[in-house]
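Right, one structure below, let's go through it.
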Amino acid sequence: MLTQIPPEALEARVSGVGLVPGRLRDQLDGGPQLLVFLRHFGCVFCRETVADLRAIAEDHPRFPPVLFFFIGSPTEGRAFMRRYWPGARAVADPDKRIYAAFEMGRGNLLQMFGPGVWAGNRRARAKGNTQGKRSGDIWMMPGCFLVDGPRVLWAHEYAHAADQPDFTSIPDQIP
């Protein structure tokens with residue numbers, strides 16, 4: 001597990017949605033933040049994650065600010081976030097350089113189509129989420145890291161594409 005954000009990620013120039021101009025480092029000021037690496041915008045679990053985090057963040061004042069990462073252009077990110085969380089911040093990473101720095105990998109068949117994914121699909125759809133048009137790398141696994149500046153305080157290792165941490169417990173991970 002990462003204990004520090006890799007320097008190549010911190011120094012990467014970023015663009016996207018709701019960001020201050022500059023590098024990833026410039027987005028991380030002000031205390032703990034939750035970095036969430038999304039799969040692809042058509043993914044029902046990606047949509048579920050953004051909707052769930054929006055609801056939790058709006059209901060829990062201690063919830064840390066969220067910074068999303070996505071594989072696509074800033075234009076695609078703006079369109080997606082406008083629909084699912086208009087006030088969200090998100091980093092476009094079409095070349096997956098930051099994904100690679102955080103050791104985000106591609107899933108295998110079991111991680112993409114196994115029993116946990118089928119159960120997660122029912123869960124996500126029961127919340128009103130739908131599958132959309134596939135975009136980006138449909139094999140990319142998601143990721144979630146609680147950071148404070150360059151330090152990684154906590155991370156969730158996803159077992160499969162539909163896996164989700166208990167997002168409501170994240171404020172308890174902040175020292």
Side-chain angles (χ1 to χ4, degrees), residues 1-12 14-20 22-41 43-72 74 76-78 80-93 96-105 107 120 123-124 127 129 136 140-175:
M1 179 179 112
L2 293 175
T3 58
Q4 295 281 321
I5 298 174
E8 63 271 24
L10 283 172
E11 297 307 320
V14 294
S15 62
V17 182
L19 304 176
V20 297
R23 302 179 186 284
L24 178 58
R25 173 184 306 284
D26 302 321
Q27 315 310 313
L28 302 178
D29 292 338
Q33 293 188 49
L34 187 64
L35 309 185
V36 179
F37 289 80
L38 300 171
R39 293 191 60 239
H40 65 88
F41 287 150
C43 174
V44 67
F45 313 124
C46 169
R47 294 165 178 212
E48 175 189 31
T49 295
V50 174
D52 286 356
L53 283 169
R54 178 183 183 181
I56 292 166
E58 289 174 351
D59 287 345
H60 294 83
R62 286 187 48 235
F63 202 82
V66 179
L67 178 61
F68 292 103
F69 294 79
F70 64 93
I71 303 167
E76 292 169 310
R78 279 189 292 278
F80 180 84
M81 291 301 171
R82 188 172 32 251
R83 179 174 179 191
Y84 290 94
W85 191 351
R89 298 177 309 135
V91 173
D93 190 16
K96 299 187 281 189
R97 289 175 302 144
I98 299 173
Y99 276 74
F102 274 84
E103 301 173 1
M104 304 303 306
R123 177 198 67 224
K127 295 177 186 177
N129 296 289
M140 184 56 64
M141 289 290 289
C144 188
F145 300 84
L146 180 64
V147 303
D148 191 355
R151 290 182 321 140
V152 176
L153 305 175
W154 171 89
H156 178 73
E157 187 166 335
Y158 283 73
H160 51 78
D163 187 15
Q164 279 198 348
D166 176 5
F167 290 124
T168 61
S169 72
I170 288 174
D172 298 332
Q173 306 300 323
I174 299 171

> Step by step, would you call R39 with M141 a side chain to side chain contact (heavy atoms under 4.5 Å, CB included)?
Replying inline: CA-CA 6 Å; R39 293 191 60 239; M141 289 290 289; 5.6 Å; no
>> Ignoring hydrogens, what is the shortest heavy-atom contact between G105 and M140? Give both atom names and the distance.
In response: O-SD, 3.2 Å
>> Any non-hydrogen side-chain atom of L38 less than 4.5 Å from a side-chain atom of C43?
In response: no
> Yes or no on side chain to side chain contact (heavy atoms under 4.5 Å, CB included) for V14 and Q27, after CA distance, side-chain angles and deciding distance?
Replying inline: CA-CA 9 Å; V14 294; Q27 315 310 313; 3.7 Å; yes
> Which residues pass the ring pair (Phe, Tyr, Trp, His ring centres under 6.0 Å) test with Y99, sequence neighbours left out?
Replying inline: F37
> Do the non-hydrogen side-chain atoms of Q164 and T49 ever get within less than 4.5 Å of each other?
Replying inline: yes
>> Do R123 and E48 make a side-chain contact, defined as non-hydrogen atoms from C-beta onward lying under 4.5 Å apart?
In response: yes
> Shortest non-hydrogen contact from P32 to D148?
Replying inline: N-OD1, 3.7 Å
> Can you find a pair of side-chain heavy atoms, one from I71 and one from H40, that are under 4.5 Å apart?
Replying inline: no
> Which atoms form the tightest heavy-atom contact between A90 and M81, and what is the distance?
Replying inline: CB-CE, 3.9 Å
>> Within this structure, what is the CG-CZ distance for the pair L2 and F102, rounded to the nearest 0.5 Å?
In response: 7.0 Å
>> Can you tell me if E8 has over 12 outside heavy atoms packed within less than 6.0 Å of its CD?
In response: yes
>> Tell me whether R23 is salt-bridged to D26, with the criterion being a basic N under 4.0 Å from an acidic carboxylate O.
In response: no
>> We want to know whether H156 and D163 form a side-chain donor-acceptor pair, criterion being a heavy-atom distance below 3.5 angstrom.
In response: yes
>> Is there a side-chain contact between I5 and F145 in this structure, where contact means two heavy atoms from C-beta onward sitting under 4.5 Å apart?
In response: no
> side chain to side chain contact (heavy atoms under 4.5 Å, CB included) between W154 and I170: does it pass, once the steps are laid out?
Replying inline: CA-CA 9 Å; W154 171 89; I170 288 174; 4.0 Å; yes
> Any side-chain heavy atom of L34 within less than 4.5 Å of one from P65?
Replying inline: no
>> Tell me which pairs pass salt bridge (charged side-chain N to carboxylate O under 4.0 Å, His left out) where either residue lies in residues 55-65, with sequence neighbours left out.
In response: R54-E58
> Is the backbone of V20 close enough, under 3.5 Å, to the side chain of R89 for a donor and an acceptor to pair up by distance?
Replying inline: no
> Would you say the side-chain atoms of E157 pair up with the backbone N or O of G143, donor to acceptor, closer than 3.5 Å?
Replying inline: no
>> Can you list everything that forms a ring pair (Phe, Tyr, Trp, His ring centres under 6.0 Å) with F80? Sequence neighbours excluded, please.
In response: F41, Y84
> If you measure from CG on L146 to CG on L35, what distance do you get to the nearest 0.5 Å?
Replying inline: 8.0 Å
> Minimum heavy-atom separation for V17 to A88, with atom names?
Replying inline: CG1-O, 3.6 Å
>> Quick one, C46 and F70 - any side-chain contact, counting heavy atoms below 4.5 Å?
In response: no
>> Quick check: closest heavy atoms across A101 and P6, and the distance to 0.1 Å?
In response: O-CG, 3.0 Å
> Can you find a heavy atom in the side chain of V36 that is under 4.5 Å from one in the side chain of F69?
Replying inline: no
>> Can you tell me how far apart CZ (R97) and CG (L24) are? Round to the nearest 0.5 Å.
In response: 11.0 Å
>> Using modelled atom types and a 3.5 Å cut-off, is there a donor and acceptor pairing between side-chain atoms of Q33 and backbone atoms of L67?
In response: no
> If every non-hydrogen atom of A92 is compared with every non-hydrogen atom of G72, which pair is closest and at what distance?
Replying inline: CB-O, 3.3 Å
>> Determine whether a donor-acceptor pair (N or O, by modelled atom type, separation under 3.5 Å) exists between the side chain of D93 and the backbone of I98.
In response: yes
